Undergrad: 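Take this structure first; my questions come after.
Keep in mind the model is a prediction, meaning the values are calculated, not measured. Chain identifiers are assigned alphabetically (A, B, ...) following the order of the sequence lines, protein sequences preceding nucleic acid strands; residue numbering begins at 1 within each chain.
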There are 2 protein chains.
Amino acid sequence: MDIFREYNIKCTKQRQIILDIIKNNNGITIKEINELVKKEINLSTIYRIIELFLNKEIITKKIVDNVVIYELKEKTHNHYFSCNKCHKKTIIPKKDIENFENKIIMNNDYEVTSHNIEFRGICSKCKGK
Amino acid sequence: MDIFREYNIKCTKQRQIILDIIKNNNGITIKEINELVKKEINLSTIYRIIELFLNKEIITKKIVDNVVIYELKEKTHNHYFSCNKCHKKTIIPKKDIENFENKIIMNNDYEVTSHNIEFRGICSKCKGK
DNA sequence: ATTTAAATGCAAAAAAATTGCATTTAGGAG
DNA sequence: CTCCTAAATGCAATTTTTTTGCATTTAAAT
């Protein structure tokens, strides 16, 4: 993987494993990571790698349902709608976000440098059930 | 305070103190709370009260700068624009939020049950400087 | 292939969170 | 207002989570 080169950090087996896990699970706890790799990676190493990834801003730390989880920090900064039933995420079209942001700017003369937008609810597929 | 009656929980001195602290600090850690009240309230009581408040949804748990903080859960659920320079918050008009949410729903047939929207940047006053 | 700074594993320590139980207290009943 | 009881608190002990020091291993540059 080139993400290690990109961030100028050593590429180790342990780091790759943990990065892959975080990539493949959208939102995972330390405990869960440990469950998955306890045979191959020492817990203190997990902590050290998580901290490294946080510092390099490869991942972010969040709270979901009052639990701390870690997830990949996406560069392409999308915004999602998360279904509470099937837990699937769907991207909110960038245009919608932009239009919204433009409205905020126009109405208030702000210079917007960052935003955080998330919607939760029931998706169309789960709605019928 | 009537918040205790409203949520149907006993009103104790300790709960009042902690609620007031959370009210007066926007975003505080357990450690900080403990520092403030260690002479009057036992740490395990603090944990128990925080958990109660979370369960009753009087407060929420968040991550700010990779640290877990607790803050009052506002009923009037406003959305803010925060200025990075003067750190002042201004409310984004509810209408704007609603229009945006309606668009998301219309375009995708979702049932939106909650959202989280925050903008950051430079406000008009700080822009000139 | 060799070298070396950095990363890992392991054990031990420190810090954070939870628990059981004796004591205290809020708040309803009389 | 006083009494009563279930619930809340304090305290000490435990459990869980996170951090640390150091010996060993490893990535990657030479």
Undergrad: What integer distance in Å separates B:E35:CD from C:dA15:C1'?
TA: 13 Å
Undergrad: What I'd like to find out is whether the side chain of A:I28 reaches to under 4.5 Å of the side chain of A:I69, using heavy atoms alone.
TA: no
Undergrad: Counting the atoms with a prime plus P, OP1 and OP2 as sugar-phosphate, which does A:K31 contact under 4.0 Å by heavy atoms, base, sugar-phosphate, or nothing?
TA: sugar-phosphate
Undergrad: Side chains of A:I9 and A:I58, heavy atoms from C-beta outward: is any pair under 4.5 Å?
TA: yes
Undergrad: If you find the nucleotide of DNA chain C closest to B:K13 and the one closest to B:Y47, which residue's nucleotide is nearer the 5' end?
TA: B:Y47
Undergrad: Measuring to OP1 and OP2 of D:dT9, would you say a side-chain N or O of B:T12 lies under 4.0 angstrom away?
TA: yes
Undergrad: Rounding to a whole Å, what distance do you find between B:I9:CD1 and C:dG28:P?
TA: 14 Å
Undergrad: Are there more than 12 heavy atoms of other residues, nucleotides or ligands under 6.0 Å from atom CG of A:N8?
TA: no
Undergrad: B:E98: what forms a salt bridge (Lys or Arg N to Asp or Glu O under 4.0 Å) with it, not counting sequence neighbours?
TA: none
Undergrad: Below 4.0 angstrom from OP1 or OP2 of D:dG10, is there any side-chain N or O of B:T45?
TA: yes
Undergrad: Angle between the end axes of the helix from C:dA1-D:dT30 to C:dG30-D:dC1, five pairs per end, to the nearest 10 degrees?
TA: 40°
Undergrad: Can you tell me how far P of D:dT24 sits from CG of A:N42, to the nearest Å?
TA: 16 Å
Undergrad: Can you classify the ring geometry of A:F4 versus A:F53 as parallel (below 30°), tilted (30 to 60°) or perpendicular (above 60°)?
TA: tilted
Undergrad: Closer to the 5' end of DNA chain C via nearest nucleotide, is it B:S44 or B:K10?
TA: B:S44
Undergrad: Strictly below 4.0 Å: does A:Q14 bring a side-chain N or O up to OP1 or OP2 of C:dG9?
TA: yes
Undergrad: For B:L43, which contact category applies under a 4.0 Å heavy-atom criterion: base, sugar-phosphate, or nothing?
TA: nothing
Undergrad: Which pairs, with at least one residue in residues 37-56 of chain B and sequence neighbours excluded, count as a salt bridge (charged side-chain N to carboxylate O under 4.0 Å, His left out)?
TA: B:E35-B:K38
Undergrad: Does A:R48 get its side chain close enough to the base of C:dG9, under 3.5 Å, for a donor-acceptor pair?
TA: yes
